[in-house]
S.K.: 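First the structure, then my questions, so here it is.
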Amino acid sequence: MSDGRQFEELVGEYYEPLYQFAYTLTREAAGACDLVQQTFCVWAAKGHQLRDGTKVKTWLFTTLHREFLGSRRRQTRFPHMDLEGAETELPVVEPVATSRLDTERLLATLAALDEVYQAPVALFYLQDYSYQEIAEILGVPLGTVKSRLARGLDRLHGMLEGPQAWNLKKQTNPEYKTL
Amino acid sequence: MNREDVKNVLGIYRPGSPDELDPEVREALGQARQDPELAQWLQDHGRRQVQIRQQLQRITVPAGLKERILAEHQAREKIIPWPSLRYWLAAAAVVAVLVGLPFWLRTNLRSSTDFAKYQTEMAAVALRGYAMELNTHDAGAIRQYLGQHQAPDDFVLPGGLQQAVVAGCAIESWQGRKAAMVCFRTGQPLPAGAESDLWLFVIDQGAVADAPANGRPVVAKINRLSVATWSQAGKLYVLSTTANAGVLQKFL
């Protein structure tokens, strides 16, 4: 099989899940498309260095995440700020039942999470990755992934339940006060 | 585990996923299934996980993204067709080695045997017969003739050889360089028709790649000749005779 054919098959298999992951990180289509394109561009240049063929998917997601982090570092228009002080800028999430959630509202809530929780939570839901694989993609220890997932999911669910439930949770759990 | 512990562990549990392989999750699941309150919580939690997952998986990919990726890849391939610049450089290096190797081998193999070949060839000149270009007993005339023909003329004769009778000279060629051939007589009876029986070959030291460094003469036997070789002051000297090595030593 030619290199071109292999590349086309690879793109066909992974461009959709990669885009979905990229979109949860960027929340805008153009940025997500750029990330996916850049990921395959890196693959074309360096993919031959990957010895273990079973790691292709992990490699692609790892590369996409690194590209995202790199692009974020280059941008200065996304200053980090504590959620406590930015509540007025958060998307308005109506207290709706999750059964009536729409994707955009869910993404808006996901984006309101601290950055360290966004990627693990997105990978957790989008892919059937094990905790270990998520750890490999993000380049953090397994225990860190589990704790970030636990906190990230808890906060996501709390915010989805509505401001009242979320405020109550913050009051009863001092850990959330710094979120 | 108490109920809170179980909830904490199962908070990151996805029904029907590899999470169940995690020992801690497996233990918490077992405990939750035996506790009606936890079982209800787990059911609700699982339903919510599935709903969130389904919502995120509804993110739709913009039309044409795949085609854009492939087109961009093809454009890059046209710039650097096969399969990357790195391979071209590697291929160029291989070609360079293949082209250069014979030349390198020829040069180096020749160099490694230059001296031996030079000795053998000069010995062959002495043995197979030669025509002296200048017949004279005048050493000065010989130097002058050699100098006029761009052959080495500033050679230094060893003390013994200065006492020998000079008979004439000729000029030989070695790989495009001129070698002076000065003919002497040992004083022993000459074979019939012979005009000399002791020959000194002088060439610039740099003309022979592996010429010996300056030092005392080394005597060897080449074919029927006794041969002494040495280098001095930028010249390579080969003195040969049909007489034995003992006779040769007298002229060094």
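Keep in mind that what you see is a predicted model, and the values were worked out from it rather than measured. Values below: all heavy atoms of this structure, side chains included; hydrogens, waters and symmetry mates excluded. Order of the sequence lines sets the chain letters (A, B, ...), proteins ahead of strands, with each chain counted from 1.
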S.K.: If you measure from the Lys or Arg side-chain nitrogens to the Asp or Glu carboxylate oxygens, is any gap between A:K55 and A:E136 under 4.0 Å?
M.R.: yes
S.K.: What part of A:L153 lies closer than 4.5 angstrom to a heavy atom of chain B: side chain, backbone, both or neither?
M.R.: side chain
S.K.: When heavy-atom pairs shorter than 4.5 Å are enumerated against chain A, which of B:V50, B:L21, B:T60 gives the highest number?
M.R.: B:T60
S.K.: Which residues pass the ring-ring contact (aromatic ring centres under 6.0 Å, His included) test with B:Y237, sequence neighbours left out?
M.R.: B:W230
S.K.: Would you kindly say whether A:E67 and A:T39 are connected by a side-chain donor-acceptor distance under 3.5 Å?
M.R.: no
S.K.: Looking only at heavy atoms and a cut-off of under 4.5 Å, which of A:S130, A:A45, A:C41 has the most pairs with chain B?
M.R.: A:C41
S.K.: Charged N to carboxylate O under 4.0 angstrom, A:D114 versus A:R151?
M.R.: no
S.K.: Which region of A:F40, side chain (C-beta onward) or backbone (N, CA, C, O), has a non-hydrogen atom less than 4.5 Å from a non-hydrogen atom of chain B, or is it both or neither?
M.R.: both
S.K.: Counting only non-hydrogen atoms closer than 4.5 Å, can you tell me which residues of residues 4-13 of chain B sit against chain A?
M.R.: B:G11, B:I12, B:Y13
S.K.: Given a strict heavy-atom distance threshold of 4.5 Å, which part of B:E20 is in contact with chain A: side chain, backbone, both, or neither?
M.R.: neither
S.K.: Is it the case that the side chains of B:Q57 and A:Q20 hold a donor-acceptor pair, with the cut-off being a distance below 3.5 Å and no angle test?
M.R.: no
S.K.: Examine A:F124 together with A:Y129 and report whether their ring centres are nearer than 6.0 Å.
M.R.: no
S.K.: Checking B:Q49 against chain A: side chain, backbone, both or neither under 4.5 Å from a heavy atom?
M.R.: both
S.K.: We want to know whether B:Q55 and A:T103 form a side-chain donor-acceptor pair, criterion being a heavy-atom distance below 3.5 angstrom.
M.R.: yes
S.K.: Side chain of B:T229, backbone of B:V238: donor and acceptor closer than 3.5 Å?
M.R.: no
S.K.: Are B:D204 and B:K178 close enough for a salt bridge, meaning some N to O gap below 4.0 Å?
M.R.: no
